[in-house]
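Here's the structure, in structure tokens; my notes come after.
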Amino acid sequence: MEMISVASQAVSAAGYDPMTRRMKIRFRTGRTYDFCRVPQFVFDAFMASPSKGRYFDAHIRDRYNC
């Protein structure tokens, strides 16, 4: 999965595989997490969000566990 660098204080990169609907987020701490069954619109909104950390907390955290 290709990881795309993002401008964020909390997140360093993110990637998405539309075939499996798996999203990967790498945080500035160095930890990388996988999220399963993530709809494309959620990934798109995350990437467009001016605050990746806030979007993650509000729409992804604890919702798409693998």
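Remember, predicted model here, so these are calculated numbers, not experimental data.
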**OP:** Look up atom CZ in Arg61 and atom NE2 in His59, then write down how far apart they are to the nearest 0.5 Å.
**Re:**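 It comes to 13.0 Å.
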
Subject >> Nearest-0.5 Å distance that lies between atom OG1 in Thr20 and atom CZ in Arg37 >> reply: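 These two atoms lie 11.0 Å from each other.
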
Please name the pair of heavy atoms, one in [X] and one in [Y], separated by the smallest distance, quoted to 0.1 Å.
{"X": "Cys36", "Y": "Asn65", "value": "CB-O, 4.2 Å"}
{"X": "Met47", "Y": "Lys52", "value": "O-NZ, 3.1 Å"}
{"X": "Ile60", "Y": "Met23", "value": "CD1-CE, 3.8 Å"}
{"X": "Tyr55", "Y": "Ser49", "value": "CB-OG, 3.6 Å"}
{"X": "Pro18", "Y": "Gln40", "value": "CB-OE1, 3.7 Å"}

Subject >> Verdict with reasoning, Val42 to Arg63, per side chain to side chain contact (heavy atoms under 4.5 Å, CB included) >> reply: CA-CA 11 Å; Val42 171; Arg63 294 178 189 209; over 6 Å; no

Original post:
Going by the angle between their ring planes, with limits at 30° and 60°, are Tyr16 and Phe43 parallel, tilted or perpendicular?
Top reply: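 The rings of Tyr16 and Phe43 lie parallel, inter-plane angle below 30°.
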
Do [X] and [Y] have side-chain heavy atoms sitting under 4.5 Å apart?
{"X": "Tyr33", "Y": "Phe56", "value": "no"}
{"X": "Ser8", "Y": "Phe27", "value": "no"}
{"X": "Phe46", "Y": "Val11", "value": "yes"}

Original post:
Given the rule that I, L, V, M, F, W and Y join up when any side-chain heavy atoms are under 4.5 Å apart, are Met1 and Ile4 in one cluster?
Top reply: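 No, separate clusters.
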
**OP:** Using a cut-off of 6.0 Å, state whether more than 12 heavy atoms not belonging to Arg54 lie near its atom CZ.
**Re:**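 Incorrect, the count does not exceed 12.
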
Original post:
Could you walk me through whether Arg22 and Cys66 pass the side chain to side chain contact (heavy atoms under 4.5 Å, CB included) check?
Top reply: CA-CA 9 Å; Arg22 184 173 290 242; Cys66 292; 3.9 Å; yes

